[in-house]
Every structure is written in structure tokens, then in C-alpha cells.
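Residue numbers run from 1 in the order of the sequence given. Side-chain atoms are counted along with the backbone in the values below, which use heavy atoms only and exclude waters and symmetry mates.
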Amino acid sequence: MLKSELLEGFIAVAECGNLSKAAEKICRTQSTLSLQIKKLEESVGQSLLLRDNKGVSLTEAGETLLNYAYKMMQLNSQALDELKECQNKEVIRLGVPTDYINRYLSSSLLEFIREFTCIELVIDTDVSGNLYKRLHQGEFDVIVATHWQTPAPGHGEQLFERRFLWVAAKGGNAHKRNTIPMALYPENCPIRAQVFANHQISMRQINVLLSTPSPTALCMAVENDLAIAPIAEFRINDNMEVLDHIEHNLPPLPMFNESLYLNPDTQTEATKQLITLLKAHTEKYRQ
């Protein structure tokens with residue numbers, strides 16, 4: 001292993017062409033520098049310097065080592081600089097709904113990670129209701145969440161509105177049953193909460209067949225005529241049909257907001273940068 005202090009002395013000798021001047025340059029005695037060069041030559045097993053009355057010059061092996069020495073010292077310097085910059089590494093804790101993580105990762109979050117290399121971004125996924133609760137328990141600095149209410153002033157801001165509609169399989173029978181089979185997001189999801197909050201006794205009985213944070217799974221349950229489900233408008237495809245909640249006696253679904261919610265006690269310049277980036281990519285999330 002080539003020690004950095006030996007390489008430093010070797011580079012000084014190569015640049016000065018004189019042991020005495022090189023020793024003065026790196027604040028060592030000439031005898032100490034000579035000993036370091038000897039140790040370096042023993043390490044590589046070859047002579048590195050040619051000495052004469054005019055000073056010193058490099059052997060062929062010395063020329064080869066000098067190229068590597070510059071690179072190794074440069075890498076050493078870069079490593080130290082980066083460690084110094086990151087010694088007080090900031091951590092940002094971000095919560096994102098499970099069903100939207102791929103969308104956010106593919107744009108703004110990857111860009112943030114690439115740009116801010118001395119910030120650790122800790123991402124956790126959950127249903128919106130759990131994210132909102134955990135934010136107030138101090139587990140997050142920022143979350144993206146779906147809710148029917150907009151954030152309070154100073155605690156976040158709305159990104160955009162998201163419409164959910166009751167959907168059944170096209171030409172299917174699930175929505176015609178007396179007890180209606182449903183596929184819903186899990187407990188503590190605001191969408192599920194609104195389904196039960198708006199369900200009246202006069203409406204058909206609900207039988208929840210599937211609970212999942214995966215919108216893909218909800219859509220598959222609908223397409224296979226296993227259940228109906230509240231599906232985001234942009235996910236509805238040709239294999240589905242939209243159900244009028246009045247005609248089919250279903251709980252009405254309010255307009256939901258996808259919003260940024262903040263922990264006001266933990267905001268920094270870095271979290272502000274993250275929020276700005278998330279907002280800048282909002283248009284990509286609409287489709």
C-alpha cells in the first residue's frame with residue numbers, strides 16, 4: 001500500500017528536481033525526505049530517482065509512478081473535501097402514498113437525489129391517512145397525501161384536485177347485486193373513509209372483498225367483475241364503465257385534493273428545494 005505522505009514527498013522531489021528544495025517545500029528535513037523516498041522505492045521494488053551533481057531526475061519507473069501519484073493524491077483530496085462537506089449531512093423524511101411512489105420517483109425525487117448528494121432523502125410509503133397521522137407525530141418533514149380537505153395555511157399547499165368515480169366492469173354484473181361487492185383502499189385511506197362516511201342506511205349493503213393500497217389491484221378486481229371500486233378518473237379504461245352514484249344508490253364521492261403537507265418545525269432550505277421540485281413536476285402527475 002502506497003502511503004499518501006510518501007507520495008507527497010515523491011511528487012515534491014519530481015517537481016523541484018532537488019531534494020533540498022523539495023524538503024523545504026513540504027516542510028520536512030532533507031534526511032527525512034530521503035528516508036521516505038527510500039521507503040517508497042522499497043514498496044514498489046524499483047529505483048525511482050537518478051541522482052547526479054545537478055540534482056535528481058526520474059527513472060522510467062519513477063515517471064510511471066508519478067502519473068499514478070497525481071491521480072491518487074487528487075482522489076484523496078476529493079474524498080476529504082466530500083467528507084468535510086457531508087459531515088453534517090442533512091436528512092429529509094418524506095412520505096408518499098403507496099400508489100403514487102413510482103410516479104414521483106420517476107421525476108422529481110430522482111432529480112433531487114441526483115442534485116443534492118449531501119442530503120439523505122428517506123422515503124416511506126403508506127396510505128394517505130397514515131401519512132397524515134405520522135406527520136403530526138413528527139415522523140416526517142414533508143408528505144404528499146390525498147384528502148378531501150385542503151392544507152391549513154402555513155402547513156402545506158394543494159397540488160391539484162383528483163376526481164374519483166365509481167367504476168364497474170363494462171357489461172359486468174357485480175354492480176347489480178343487492179349486496180354490492182367493493183374493492184377499496186385500506187383502513188385510514190381518506191377515500192375509503194368517505195365511502196363509509198357517506199353510506200346511508202337506505203343504500204345497498206356493502207361487502208368489501210378486497211383492501212389494497214395498489215390501484216392496479218383495484219382495477220383488476222373491477223375488470224374481472226369481482227367488485228366495483230372508487231377509481232381515479234385518469235385510471236379508467238375501456239374495460240370499465242362509470243356508475244352514477246345516484247342511479248345505483250352508492251355513496252357520493254367528494255373531490256379529493258393531492259397536497260403537500262409540512263411539518264412547520266422542521267423546514268429548512270433543503271426541504272424548500274424539495275417542495276419546489278415537487279411542485280414543478282405537478283403537471284406530470286395530472287395524467
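With Gln267 contributing its side chain and Asn263 its backbone, the two residues share a donor-acceptor pair below 3.5 Å. At distances below 3.5 Å, at least one donor-acceptor pair connects side-chain atoms of Asp244 with backbone N or O atoms of Ile246. A distance-only check finds a donor-acceptor pair linking the side chain of Asn224 to the backbone of Met220 [under 3.5 Å]. Judged purely by atom type and a 3.5 angstrom limit, Asp225 has no side-chain atom pairing as donor or acceptor with the backbone of Gly172. Within the 3.5 Å criterion, the main-chain N or O of Leu49 finds no donor-acceptor partner in the side chain of Ser47. Proximity of a side-chain donor or acceptor of Glu258 to a complementary backbone N or O of Thr146 within less than 3.5 Å is not detected.
In this structure, Leu35 is not a member of the same hydrophobic cluster as Ile11, with clusters built from ILVMFWY side-chain heavy atoms closer than 4.5 Å. Leu226 and Leu184 fall into different hydrophobic clusters, defined by Ile, Leu, Val, Met, Phe, Trp and Tyr side-chain heavy atoms under 4.5 Å apart, directly or through other members. In the hydrophobic cluster analysis, where Ile, Leu, Val, Met, Phe, Trp and Tyr join through side-chain heavy atoms closer than 4.5 angstrom, Val144 is grouped together with Phe160. Leu50 and Leu19 are not part of a single hydrophobic cluster, where members link through side-chain heavy atoms under 4.5 Å apart. Val127 and Ile191 are members of different hydrophobic clusters when ILVMFWY side chains are connected at heavy-atom separations under 4.5 Å.
The side-chain heavy atoms of Leu260 and Val142, taken from C-beta on, include a pair separated by under 4.5 Å. Contact check for Leu7 versus Met72: side-chain heavy atoms found under the 4.5 Å cut-off. Side-chain atoms of Leu94 and Asp124, non-hydrogen and from C-beta on, never get closer than 4.5 Å to each other. Looking only at side-chain heavy atoms (C-beta outward), Thr59 and Gln46 stay at 4.5 Å or farther from each other. Using a 4.5 Å cut-off on side-chain heavy atoms (C-beta onward), Ile180 and Met182 make contact. Two residues are said to be in side-chain contact when any heavy atoms from C-beta on lie closer than 4.5 Å; Gln194 and Trp148 meet this criterion. The shortest distance between side-chain heavy atoms of Lys3 and Leu40 does not fall below 4.5 Å. Considering only heavy atoms from C-beta on, Thr212 comes within 4.5 Å of Leu218 through its side chain.
Rounding to the nearest 0.5 angstrom, the gap separating the SG atom in Cys27 from the CG atom in Leu33 is 12.0 Å. Note that OG of Ser57 and CG of Asp52 are 6.0 Å apart. Values are rounded to the nearest 0.5 Å. To the nearest 0.5 Å, atoms CD1 (Ile37) and CG (Leu6) are separated by 8.0 Å. Distance check, rounded to the nearest 0.5 Å: OG1 of Thr150 to CD of Glu161 gives 9.5 Å. Of the inter-residue distances, the one linking Glu63 atom CD with Leu48 atom CG reads 10.5 Å to the nearest 0.5 angstrom. Taken from CG in Leu159 to CG in Leu278, the straight-line distance is 7.5 Å, to the nearest 0.5 Å.
Under the side chain to side chain contact (heavy atoms under 4.5 Å, CB included) criterion, Ile236 pairs with Leu165, Val167, Ile231, Met240, Val242, sequence neighbours left out. Considering only residues two or more places apart in sequence or on other chains, Glu269 meets the salt bridge (Lys or Arg N to Asp or Glu O under 4.0 Å) condition with Lys272. In this view, Glu120 satisfies the salt bridge (Lys or Arg N to Asp or Glu O under 4.0 Å) rule with no residue, not counting sequence neighbours. Checked against salt bridge (Lys or Arg N to Asp or Glu O under 4.0 Å), Glu8 has the following partners two or more places apart in sequence or in another chain: Arg28. Partners of His248 under the ring pair (Phe, Tyr, Trp, His ring centres under 6.0 Å) rule, at least two apart in sequence or in another chain, are His175.
Residues Gln200 and Asn249 bring no donor and acceptor atom of their side chains to less than 3.5 Å of each other. A donor and an acceptor atom, one from each side chain of Ser31 and Thr29, are located under 3.5 Å apart.
Annotation for Pro97 and Ser128: closest pair CG-OG, 3.8 Å, computed over non-hydrogen atoms. The two atoms that bring Ala232 and Phe164 nearest to each other are N-CD2, 3.3 Å, heavy atoms only. For Ser211 against Pro186, the heavy-atom pair with the smallest separation is CB-CA, 4.4 Å. The two atoms that bring His245 and Pro251 nearest to each other are CB-O, 4.1 Å, heavy atoms only. Of all the heavy atoms in Gln149 and Asn257, the pair that sits closest is C-ND2, 3.7 Å. Smallest separation of non-hydrogen atoms from Ala168 and Val222: C-CG1, 3.4 Å.
Other residues, nucleotides and ligands contribute over 12 non-hydrogen atoms within 6.0 Å of the CG atom of Asn67. Heavy-atom contacts from other residues, nucleotides or ligands closer than 6.0 Å to OH of Tyr70 number more than 12. Within 6.0 Å of CD in Glu42 there are more than 12 heavy atoms belonging to other residues, nucleotides or ligands. For Glu60, the CD atom sits in a loose shell: 12 or fewer heavy atoms of surrounding residues, nucleotides or ligands are nearer than 6.0 Å.
Under a 4.5 Å side-chain heavy-atom cut-off, the cluster of Ile, Leu, Val, Met, Phe, Trp and Tyr residues that includes Met255 has no other member. In the hydrophobic clustering, where aliphatic and aromatic side chains (Ile, Leu, Val, Met, Phe, Trp, Tyr) are joined below 4.5 Å either directly or transitively, Leu131 groups with Tyr132, Leu135, Phe140, Ile143, Tyr261.
Every pair passing salt bridge (charged side-chain N to carboxylate O under 4.0 Å, His left out) that includes a residue from residues 13-23 is listed here, sequence neighbours excluded: Glu15-Lys25. Sorted by first and then second residue, the salt bridge (charged side-chain N to carboxylate O under 4.0 Å, His left out) pairs with a member in residues 205-218 form an empty list; sequence neighbours excluded. Legend: ring pair (Phe, Tyr, Trp, His ring centres under 6.0 Å) pairs involving residues 179-203, not counting sequence neighbours: none detected. Within the structure, salt bridge (charged side-chain N to carboxylate O under 4.0 Å, His left out) pairs that include any residue of residues 135-153 comprise Arg93-Asp141, Arg134-Glu139 (at least two apart or interchain). Screening residues 170-191 for salt bridge (charged side-chain N to carboxylate O under 4.0 Å, His left out) gives Glu187-Arg192 as the qualifying pairs, with residues at least two apart or on separate chains.
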Test side-chain contact (heavy atoms from CB on, under 4.5 Å) applied to Leu274 and Phe116, step by step
CA-CA 10 Å; Leu274 176 60; Phe116 298 93; over 6 Å; no

List the steps and the verdict of side-chain contact (heavy atoms from CB on, under 4.5 Å) for Val91 and Ile119.
CA-CA 6 Å; Val91 176; Ile119 295 175; over 6 Å; no

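Ionic pairing of Glu157 and Lys279 is present here: one or more N-O contacts between side-chain nitrogen and carboxylate oxygen are shorter than 4.0 angstrom.
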